Amino acid sequence: MSRQLVVLQQRELEKQHRNKLKNRLKKKNADTLFKSLKEAVVEKDVENAWRKVFTEYYIDNQSKDDEYQIKSPLDVDGFISAKSGNLVFALRILLEFKNGTNLTKVYDRARIICQCIHYMKKFQENGLELPTVIVGADEDQAFVLVANKFYKYLNGDYNWDISPSSAYKDDPSLLRDLVKDANLNVYPFQFTGGNLNERYNSLLDLFDSIDSISQNDGKEVYKVKVSPATIVGMFDEFNHIAFREPEKIKPVQAVNMFIHMITGKNEDDYYFIPRNRNLYHLPGDKKIPVFGVRIEEYLNHYDRNFTVKEIDRLTSIADRLIEASERRFKGDFWTPDIWAQEADKIMQEAIDPHYKETSLVWDCAAGVRNLTRQFKYDNLFISTYHKDEILLGEGYNPEAKEVFQYDFLNDDVDLTPYNRKSEVKMPSSLFNALIAASKRNKRVVFYTNPPYGTANNFGKFGTSKASIARSKINLIMKNNGCGKASQQLYAQFMYRTMKIIKDFNLKNSYICFFTNARFLTGADYWEKFNNQFFSQFTLVKGNIFSAGEFSDTAESWPITFSVYKYDPDNAQVPNSFELSLQESTLNENNKVTIGSLNINNRMTKLMTNVKTENTLNKWVKEPLAYYKDVSRLEGVPQLGSAMKSSKGKNPSGYVLKDSLGYMVFNSDNIAEGTTNGGVWLTSGSAYKGHGLNVMPRGVDRVVVGFAARRAITPTWYNAQDNFEVPDVNSKIYQEFVNDSLVFSLFENASYQASYRRPEWSNCNISGKWINQWFWISKDKVLEEIEDNSSMKTMYEDIRTDENRYIANEISKRCFSEEAKNVINLATKVWKDTLEYRPIMNEDEPSLYLNAWDAGWFQIKQVNKQFPSSNYQEFTEKFSELKQKIANNVYKLGMLRK
């Protein structure tokens, strides 16, 4: 039999084997596991999630020849073995689950194995069969070990009288020995980050590893196979143990060394110095101090026998290994091969089927050449910000005319054919090629995936990444009136490209970029930039897909790859853009490889370019002009939620005299309305600012804005769509206003409340901050409390008071059935919980439950401890009202489908 035939047979067997694994563990079951682990709060949650998936794989979906069972003898987290009498006995898995560990650390793995060895000792003493496989897992990772490598400890002089669960604390001798045991030097399988396919693949690898051990009865040497599913974790471990002077190692340099070590690429330049294993040689005769013994020990635990194709795959994803402190800070993302292929397809359709042979192509943010590495170009130029990426990507696109380090946003920004200074960093070959292209009208294609960072990407504690936006192009954009978009890195890349096209007079040019799709929806943030860009360029063809298609990015926002043609004579700023909405799916074989992924066109997505004057945000704020001379109150609550005031020294919000409260109303897009605290209401002021005071003249617009923003559920493909002004002449508009008013009283981001604190007052009584959003009349409240002695404090609070603003409004308006149902049920919940407020106020005085106008947020806190029988029906009716509002948002033209 020929060697080629043997290889083909082996591949077919491997394919069949993988499909068997997938039949035993479906992707939907894996997804359920990942979601359960993500939501886990305590160790028992982790145990339940993992036991469920192990049960599904080994018990529910076992083959006809297998009869496995899962039990918990001697209180172990789980023990999987063959049922009594079964001849297949090799598979015996001891399961141990933890929460809050870091299984990349030897110490945490040793803690788990220490406990497992103590369990095995009890097995031995009770005449039970020992496990052949040990699996340790937490909410993020899992590792697999051959059990018999740890049998030797059972005969050791250790503290066997203790509980296994405390062994890591009470048996320090065993723990110390385990920490030094090389058999623990395996890297766990990771189930966080990446996309679902990658996490699913990693889970399949976990079970495949377990099965491979059991098939050998646990007696064979076990090595973890290097794969795209394990490589991220492998690099983290390598980065942790390898370097003697880690502070001097750049992230890209570390990745470069790692990839060359595991793949054996270019052994002439990458090697340990002979007779000094603590120095590692790099190109240019550079020597890096390393822990050579640690590295070799680490590498010996991995199967590194790669085919050429496997080496290509591992190198192609090296870009994602650059640690978050640098790469994520700069907003760089790795482009999967399948989307590079789709981009090439789009460019062939939009430009020319033979554009690679007939165009000058420049990838100005190339990384390790993920966009171009699969193709051949006749006139290709490659540049990247990171010098080490040039070495990491060597071997790809050898036909490139130049591969060079270049800071696209700062280098040569004033360069023109007539202004070339001696310190120019652009290679002469590219400079001359651009001039020649101008003279001959040769096509120039700027093709890249630029960084997506923004200076306004605020951190948890209000810190921002302002420094990443500072560049020479940023300054030029500000001076040229590009507005807020000047802070966006991908906008800066687009603007620099525009400048090169103009400076070199490249009339036959295209910009082909992967970018966040948000800029296509316009509004205040992007309008000035878009006016400049789309007055020169026309969108020829583009797609839109989830950012989750990129590794280690959230699935909640859209990316577009679009081709823009330079056409200043005919270009005009469009009202909307049509993009093909796409997603990747597995083919019939369900195998996660580049060749087996398909891209499906789901629909056409219309991105509306909203003008600033038509934005909902601007419309909502217009009534404030009437109050421009109104004074501000002093000593107001600067709130971060309903009951918590901000401790910041410089809060942004304020309260005007006669204000009903404050609405945070940040941006205009769908996603910001339901995430990041972008839209919420409060009776006081909001420390965050980015909003407006709710004044009597503006109430209707405020509640319309609030309801529209909060009622729409964001998806990745609509997340960046901007809201527009509603059609106020529509016959359904007034009903929508009244529905919105009711919605705004009871929605989760409506933090209206009443306070009784000495330093706060918005009325004539010191220490009393009233809640103008309370919907029940004074007479109705009095009717319920005046004969109840336990509510004396509340009675004193209301006796000389008056109806709140919203209560008066409700008495004057006509409401739909949906709104009436919500009001009536909310009032029933209020009444049901009323008697418990004096009791609860004693335990939690900070909730101010003796305030007669305590808001819905405060009432819900009572309901949590003393549930109303009407609350479930309230939530159902509120959901109906929310859905009605969401539907009418589109009918009123506030969003376009």
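Predicted model, so just to flag it, every value in this text is computed and none were measured.
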Exercise. So, are Lys484 and Asp524 salt-bridged, with charged N and O less than 4.0 Å apart?
Worked result: yes
Next item on the list: Give a yes or no on whether the ring-centroid distance for Phe504 and Phe431 is below 6.0 angstrom.
Entry: yes
_If we count only N and O atoms by modelled type, under 3.5 Å, do the side chains of Thr448 and Asp363 hold a donor and an acceptor together?_
yes
- Inspect the contact between Asp414 and Lys472 and indicate whether a charged nitrogen and a carboxylate oxygen are less than 4.0 angstrom apart. no
Requested in this report: Salt-bridge test for Lys605 and Glu578: reply yes if a basic N is under 4.0 Å from a carboxylate O, no otherwise.
Outcome: no
Decide if the gap between the ring center of Tyr717 and the ring center of Phe545 is smaller than 6.0 angstrom.
-> no
Quiz prompt | Worked check of ring-ring contact (aromatic ring centres under 6.0 Å, His included) between Phe537 and Tyr510 | solution = CA-CA 8 Å; Phe537 290 85; Tyr510 291 82; 9.2 Å; no
Check your understanding: Any luck finding a side-chain donor-acceptor pair between Ser429 and Glu402 under 3.5 Å?
Key -> yes
N-O pairing of Asp31 and Lys35 below 4.0 Å:
yes
Trp362/Phe408 aromatic ring centres below 6.0 Å: yes
Tell me whether Lys611 is salt-bridged to Glu724, with the criterion being a basic N under 4.0 Å from an acidic carboxylate O.
no
- Query: Taking atom types as modelled and ignoring hydrogens, do the side chains of Asn601 and Ser580 form a donor-acceptor contact shorter than 3.5 angstrom?
  - Reply: yes
